[in-house]
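Reading through the structure tokens given below for one structure.
Atoms within a ligand are numbered from 1 in the order they appear, just like the ligands themselves. Values reported hereafter were calculated over all heavy atoms of this structure, with side chains retained and with hydrogens, waters and symmetry mates removed. These numbers were taken from a predicted model, which means no experiment stands behind them.
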Amino acid sequence: MCGIIGFNGSVNAAPFLIDGLKKLEYRGYDSAGIAVYNGNKTVTEKRKGRISNLASAVKRRDDMCGNLGIGHTRWATHGEANDSNAHPHKSGKFTLVHNGIIENHTLLKEKYLPLCTFTSETDTETVVHLINRHYSDNCLEAIARTAKLLEGSFALAIICEDEPETIFCVKKSSPLLIGIGNEATVASDISAISCKAEKLYRMDDGEIAAVTKTQAVFYDFDLNIKEKATSQFSAERSESEKNGYEHYMLKEIFEQPEAVRKTVEAYLGNKENTLPLINKPERIFIVACGSAYHAGLVGRICIEKLTKIPVTVETASEFRYSDPLTNASTPVIVISQSGETADSLAAIRKAKENGATTFGIVNVPESSIALESDYVMYTKAGTEIAVATTKAYSAQLAALYALAIHFAQIWGTEDNTVLNNLKDALGKLHIKIREALGCEEQMREIAQQLATVQNAYFIGRGIGYALAAEASLKLKEISYIHCEAYAAGELKHGTISLIEQGTKVFAVCSPNGLEAKMQSNIDEVSARGAQVIAITDSHKTKADITVHTVSATHPLFCASTQIVPLQLLAYHTAKFRGCDIDKPRNLAKSVTVE
Ligand code: AGP
């Protein structure tokens, strides 16, 4: 998603802005730009493509010297990726960058800016023209008047040539942080905040901040001054380095044992006392997107097995517009690594509108979803940089296992012997995940063949199907090979027509008593020419290739060990194909627009 950076200090802003944009690259983008106030005016440079293009262009400029500036990485929503649509955008004395979507920009343009000349196709440019239109001699008033007209999501950083000591920030729905030390920095997430910052502020919805070198003053949209507490720096800032791995994704795959261990440790004995004591509900909803949704599919099986409460798993984009049958007796669990996914945030709000208790299973501390949930379970995966999630997904599984055990305990739906065995198994699970990493070389060899094909299929039953869905997403999002995940028993109802000689089919055989059925499905596709690679723990199969995964400490937790070879398969396939593994095309680490 778009990234915002701002600098207000005593040294040249441009190098910090470029470096800050590089730290935001992992969010995904297709163009970038910076603007610097150089003592006379605000000068801007913006380029389609990689930040290296922008940095080269800035180097060729001799007028971009100044200590106040803003920058932006753009993930195109309104208007294609090109230089003119890139941010910053300028109008009169104002220059602005934006993360989010202004949903009423067309109406505002027609009503307030009918004669205005636009140089881009973006919704953002409407905002800077509106500010300029409202401006006479007070920046804050012009910005506040404009902010009150905007609908949608917006994090804005704004500079004005009449007030070159200040960066103005506005926040609604999209995240914005401010770091204050002997210089001030503004950023969409903590990775780009200056390491010299001594105080950190996380802006809340409906706030405007006036940020000078040494302080930030906060207002509401009516310009009432707001007292603002500082936030805790997350200790994970230092983790965002590769530590010798070629890609962040591989590093994060190998960090999974620790991510799971820390998450389990935090909740197994309910040490953080954040696992809520809620009444036994009629039904539970799990709502999420992408890999978090796939974790939810596993969570459903675990929670239903231990509590006998029906669990519905929905993608957030469907849930939020489906008029969901949620109420005070149907808690809603929203899973999100970033805690900023627009659809998942909207799902929380929708659930609360209907009176449902909301739980956030979130990885980024104090992110929007965490702050808006009634209860939050932080996964302890640490900062995850690669767009394709791995360790955060595994930590989500661990949190869901702990939550399922907790619910069974407080509702008395499972006997204590069983629950104590599960707790014991969960406490040792990270050891098995570490062992599972030992299959890397085998998966690399399989990946070498897989890298040459254009299609692949993943099939499974029960937890195996949830794993097939996640494995398929991993492979397609970083290798760009078209994949489909199918419930193995469903394949014969149509899709089997696509199986032909040499088609690659990965059969995820989980230890759930359905192994014989999976063998039948392997036979079905083999009979039609497929090359079948079975992923199984101990069970023998008649597949062309069998990958024996390490058995988890309990069958219910098998997703945590069986996903490891599938993640490594995706990683090495993408590597053989020369793909941009940590920053796949078209993707963003946090999808903050719907
Ligand atoms: C997973 O590898 C993808 N990057 C994507 O599907 C991701 O899981 C999804 O966008 C949800 O993100 P969140 O967990 O931050 O809400």
Side-chain angles (χ1 to χ4, degrees), residues 1 25-29 75 173-175 188-189 191 247-250 252-253 256 259 263 286-299 313-320 332-348 358-373 376-379 381-397 399-400 466-467 469-480 483 485 563 566-571 574 579-594:
M1 218 35 18
E25 273 193 300
Y26 79 91
R27 298 166 66 90
Y29 70 105
W75 190 74
S173 289
S174 299
S188 296
D189 72 40
S191 62
H247 296 99
Y248 282 112
M249 183 177 177
L250 190 60
E252 290 155 6
I253 287 172
Q256 290 185 118
T263 303
I286 297 178
V287 182
C289 304
S291 293
Y293 169 77
H294 298 148
L297 294 174
V298 177
V313 189
E314 291 200 34
T315 55
S317 54
E318 286 298 303
F319 176 85
R320 66 182 290 193
V332 176
I333 301 170
V334 174
I335 308 170
S336 175
Q337 183 281 128
S338 64
E340 300 297 347
T341 299
D343 286 321
S344 304
L345 184 56
I348 286 257
T358 55
F359 294 73
I361 297 182
V362 179
N363 197 50
V364 176
E366 297 183 41
S367 51
S368 303
I369 289 172
L371 296 175
E372 295 200 24
S373 300
V376 62
M377 282 180 79
Y378 282 122
T379 48
T383 305
E384 186 176 68
I385 301 292
V387 167
T389 184
T390 50
K391 64 175 183 174
Y393 164 84
S394 288
Q396 289 163 358
L397 293 179
L400 287 160
L467 282 166
E470 176 57 12
S472 170
L473 176 62
K474 284 279 100 38
L475 182 62
K476 72 179 112 176
E477 71 175 323
I478 62 173
S479 74
Y480 314 146
C483 314
I563 194 60
L566 294 163
Q567 291 166 337
L568 290 166
L569 174 74
Y571 172 80
C579 296
D580 190 343
I581 290 171
D582 286 332
K583 298 190 290 295
R585 68 186 182 200
N586 305 341
L587 296 184
K589 183 62 180 172
S590 172
V591 185
T592 56
V593 292
E594 61 176 292

Closest protein heavy atom to [atom], given as residue, atom name and distance to 0.1 Å:
atom	value
atom 4 (N) of ligand 1	Val387 O, 2.8 Å
atom 10 (O) of ligand 1	Val591 CG2, 4.1 Å
atom 6 (O) of ligand 1	Gly290 CA, 3.2 Å
atom 11 (C) of ligand 1	Cys289 O, 3.4 Å

Checking contacts here: is it the side chain or the backbone of [X] that comes within 4.0 Å of ligand 1, counting heavy atoms only? Could be both or neither.
X	answer
Leu473	side chain
Glu340	neither
Thr389	both

Subject >> Shortest heavy-atom approach to atom 1 (C) of ligand 1 - which of Ser291, Ser344, Ala392, Ala570 >> reply: Ser291

**OP:** Can you figure out which of Ala342, Ala388, Ser338 has its heavy atom closest to atom 15 (O) of ligand 1?
**Re:**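 Looking at heavy atoms only, Ser338 sits closest to atom 15 (O) of ligand 1.
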
Subject >> Between Gln256 and Thr390: side-chain donor-acceptor atoms closer than 3.5 Å >> reply: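 No pair is found: no donor N or O on one side chain lies under 3.5 Å from an acceptor on the other.
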
Original post:
Regarding Glu340 and Ser367, is there a side-chain donor-to-acceptor distance under 3.5 Å anywhere?
Top reply: no

**OP:** Could you grab the distance from atom CG of Leu345 to atom CZ of Arg320, nearest 0.5 Å is fine?
**Re:**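 Here the rounded value is 8.5 Å.
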
**OP:** With rounding to the nearest 0.5 Å, note down the distance linking CD1 in Ile361 to CD1 in Ile369.
**Re:** 11.5 Å

Original post:
Does Gln337 reach ligand 1 with a nitrogen or oxygen that is under 3.5 Å from one of the ligand's nitrogen or oxygen atoms?
Top reply: yes

**OP:** Looking only at distances, please establish whether an N/O atom of ligand 1 is found under 3.5 Å from an N/O atom of Ser336.
**Re:** yes

Subject >> ligand 1 contact by Ser590, heavy-atom criterion under 4.0 angstrom >> reply: no

Subject >> Heavy-atom donor-acceptor pair, Lys391 side chain to Thr383 backbone, under 3.5 Å >> reply: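 Yes; judged by distance alone, with no hydrogens or angles, the pair exists.
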
Original post:
Hey, is the main chain of Ala381 close enough, under 3.5 Å, to the side chain of Asn363 for a donor-acceptor pair?
Top reply: yes

**OP:** Please could you name the atoms of ligand 1 that Glu477 approaches to less than 4.0 Å, counting only its heavy atoms?
**Re:** 1 (C), 2 (O), 3 (C), 4 (N)

**OP:** State the atoms of ligand 1, each with its element, that fall below the 4.0 Å cut-off from a heavy-atom position in Lys474.
**Re:** 1 (C), 2 (O)

Could you report the tightest heavy-atom contact between [X] and [Y], atom names first, then the distance?
X	Y	value
Ile335	Ala292	O-CB, 3.4 Å
Val364	Ala370	O-CB, 4.5 Å
Ala399	Thr379	CB-CG2, 4.1 Å

